[in-house]
Amino acid sequence: MPAHDVLIIGAGLAGQRAALAAAREGASVAIMSKVHPVRSHSVAAAGGINAAISVDDDWHSHAYDTVKGSDFLGDQDAIEVMCSEAPGEVMHLEHMGVTFHRNDRGEMDLRAFGGASMKRTAYVADITGQALLHVLYEQLMKHHETVQRYEEWFTTSLLRDEAGGCCGAIARDVRSGRMEAFTAKNVILACGGAGQVYKPTTNGLIVTGDGIAMAYRAGAPLMDMEMVQYHPTCLVETGILITEGARGEGAHLLNSEGERFMEKSAPNKMELASRDVVSRAEQIEINEGRGVGPGGVGIHLDVTVVPRKRTLEALREIVNLGKDFAGVDITREPITIRPGQHYIMGGVKTDVDGQTPIAGLYAAGEVACVSVHGGNRLGANSLLDTLIFGRRSGEHAAARAASMAMPEVDANAQLRRDADAIDAIINRPRDGRRVSEIKNELGELMNAKAAVFRDEQGLQGALETIARLKEEADSAWIDDRGTVFNQDVLGAIELSYMIDCAETTVVGAIERKESRGAQFRTDFPERNDEQWLKHIDITLDGDRPKVSYSPVTITQWQPEERKY
Ligand SMILES: Cc1cc2nc3c(=O)[nH]c(=O)nc-3n(C[C@H](O)[C@H](O)[C@H](O)COP(=O)(O)OP(=O)(O)OC[C@H]3O[C@@H](n4cnc5c(N)ncnc54)[C@H](O)[C@@H]3O)c2cc1C
């Protein structure tokens with residue numbers, strides 16, 4: 001059985017940064033990913049990464065903007081860690097070889113982003129995630145002697161020892177179908193978010209909440225699951241993202257009357273208010289009949305006000321996306337967008353070193369909830385979150401590993417159980433519903449009932465439907481009965497992970513009887529600090545979600561009314 005000091009599940013930015021940090025501390029590291037690491041979803045990140053690196057800036061200002069963006073639900077100790085360590089991390093990236101955009105003076109250029117009080121987003125055109133991920137992967141190759149890469153391995157469950165600590169995982173080699181148990185002194189979950197729970201979403205097909213569900217099933221608490229971010233600018237048909245960098249460069253949002261409607265809800269920041277505020281403002285325009293395009297379900301994003309040369313240089317990827325997916329040349333005409341699911345603020349509850357309440361189990365990146373984003377994440381703070389808390393988790397896990405022996409664990413029973421479960425899926429009779437049908441219904445349900453606006457009736461109805469989908473998923477059938485690259489069977493497992501994520505999201509949304517950040521309850525339209533300035537934690541109790549609360553950490557910024 002392979003054994004490592006630190007086993008990292010996920011090879012996006014959080015996972016790779018954790019691996020580098022743990023390897024530099026001298027640990028033996030394994031990094032596992034269900035796809036080739038540079039196909040991890042971090043590669044899609046576009047607009048940039050925040051850090052107070054300008055001489056006029058200060059990390060306290062970045063931290064305050066983040067606290068305000070979170071609608072005061074973010075934990076301020078964690079936000080202070082993230083923002084104070086951001087400049088050093090971005091410089092470290094540059095020293096490793098990330099070719100950040102430079103201004104005419106040769107300094108690192110910074111662009112404006114939503115909810116920020118000044119320009120503080122470093123970027124590589126609109127392919128920042130790709131640039132970062134490839135540089136980290138290069139670095140990882142240098143550590144090939146201490147970092148074992150398990151590329152195209154799919155984790156099915158976490159291993160726990162008799163004392164309840166996490167001591168490894170079970171995984172399937174996607175190429176051959178072989179199952180294997182891995183022992184580890186520490187496991188870091190870096191499995192990304194759960195965007196595919198919604199349809200449409202800006203997230204790729206692989207973003208299915210695996211890490212969240214595996215941790216939940218192993219007994220770890222989830223936190224802030226009700227907080228789901230809708231990004232203001234997604235293509236109407238497909239949900240593909242048009243980066244906030246477009247508004248950062250000066251693009252306008254217009255309704256069917258040609259009005260810059262953001263003046264009504266955010267007269268100071270206009271299009272660069274925080275995402276929850278802009279998405280709600282757009283949805284109100286659409287709901288009140290001032291939308292554009294077929295059915296009036298869209299809003300115009302007008303990039304033509306940005307100088308064409310600048311658009312072609314700094315936003316070249318969305319120029320291509322506009323042409324390829326909407327048939328629109330954004331340098332010459334407005335493009336139709338609308339709010340779309342983009343990010344989950346919630347996830348596996350951790351401390352600032354990535355530790356979950358389960359000994360030996362860490363989480364970092366979008367799978368985790370530290371919570372630095374609280375009710376609403378600021379654009380360009382996620383890449384930062386992945387790197388800061390990825391690094392901290394790697395360092396902490398390596399230090400912990402140095403002081404302990406390799407756990408002795410008999411994983412045979414769990415290995416057999418997971419292998420049998422896969423065989424059972426493959427052998428299901430072809431009646432009942434297909435996995436893909438259930439997934440579609442789930443995504444459309446969540447997009448209708450747990451979106452920008454929510455209410456009790458819609459959420460309760462969603463919970464009932466999720467219970468039915470859960471039952472149907474237990475017997476849903478697939479086509480592929482082979483072992484080599486059987487993505488079908490992995491899709492069935494991913495569906496079960498997504499159902500856990502959907503259920504906990506809806507349970508959290510029902511529980512929070514107020515409006516804060518991304519959660520807007522039409523039946524409770526006000527923020528209510530007296531009762532709801534607290535996190536909602538959800539654990540698995542038998543086979544049902546159980547709710548409890550934990551306090552929000554406030555260090556220097558008392559809650560106040562949020563105005564942009
Ligand atoms: C279109 C788009 C643009 C964005 N732009 C920005 C931006 O400009 N700035 C910003 O700050 N944020 C941005 N974000 C958000 C940000 O990109 C993500 O939150 C972040 O990259 C997540 O990184 P991660 O390392 O946590 O997860 P991911 O990059 O999603 O990696 C997850 C890893 O886990 C692995 N994995 C998952 N399940 C399993 C399993 N069962 N077994 C084995 N491996 C598994 C995957 O293979 C993958 O390697 C954007 C997001 C999208 C969708």
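Note that the coordinates shown come from a computational prediction; the quantities given were computed from them, not determined experimentally. Just so you know, ligand 1 is whichever comes first in the structure, and atom 1 is the first atom listed for that ligand. One-based numbering along the sequence shown.
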Sub-4.0 Å heavy-atom contact, [X] with ligand 1:
{"X": "Leu13", "value": "yes"}
{"X": "Val35", "value": "yes"}
{"X": "Asn381", "value": "yes"}
{"X": "Tyr123", "value": "no"}
{"X": "Ala380", "value": "yes"}
{"X": "Gly48", "value": "yes"}
{"X": "Ile206", "value": "no"}
{"X": "Gly129", "value": "no"}
{"X": "His342", "value": "yes"}

For Tyr123, what residues pass the ring pair (Phe, Tyr, Trp, His ring centres under 6.0 Å) criterion, not counting sequence neighbours?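 Result, ring pair (Phe, Tyr, Trp, His ring centres under 6.0 Å) vs Tyr123: His101.
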Which residue supplies the protein heavy atom nearest to [atom], what is that atom called, and how far is it?
{"atom": "atom 11 (O) of ligand 1", "value": "Leu383 N, 2.7 Å"}
{"atom": "atom 26 (O) of ligand 1", "value": "Glu366 N, 2.9 Å"}
{"atom": "atom 14 (N) of ligand 1", "value": "Arg377 NH2, 3.9 Å"}

Residue of the set Lys34, His36, Met32 for which side-chain contact (heavy atoms from CB on, under 4.5 Å) holds with Glu151: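 Answer to the side-chain contact (heavy atoms from CB on, under 4.5 Å) test with Glu151 among Lys34, His36, Met32: His36.
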For atom 33 (C) of ligand 1, which of the options Ala46, Ala190, Gly15 provides the nearest non-hydrogen atom?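 Going through Ala46, Ala190, Gly15 one by one, Ala190 has the nearest heavy atom to atom 33 (C) of ligand 1.
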Counting only heavy atoms, tell me which of Gly12, Ala11, Gly192, Ser33 gets closest to atom 27 (O) of ligand 1.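 Comparing heavy atoms across Gly12, Ala11, Gly192, Ser33, the nearest one to atom 27 (O) of ligand 1 lies in Gly192.
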Just to be sure I read this right, does ligand 1 sit under 4.0 Å from the backbone of Thr155, its side chain, both, or neither, counting only heavy atoms?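 Within the 4.0 Å criterion, Thr155 contacts ligand 1 through backbone and side-chain atoms alike.
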Does Arg377 make a cation-pi contact with Tyr343, if we ask for NZ or CZ under 6.0 Å from the ring centre and within 45° of the axis?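 Checked: cation-pi criterion met.
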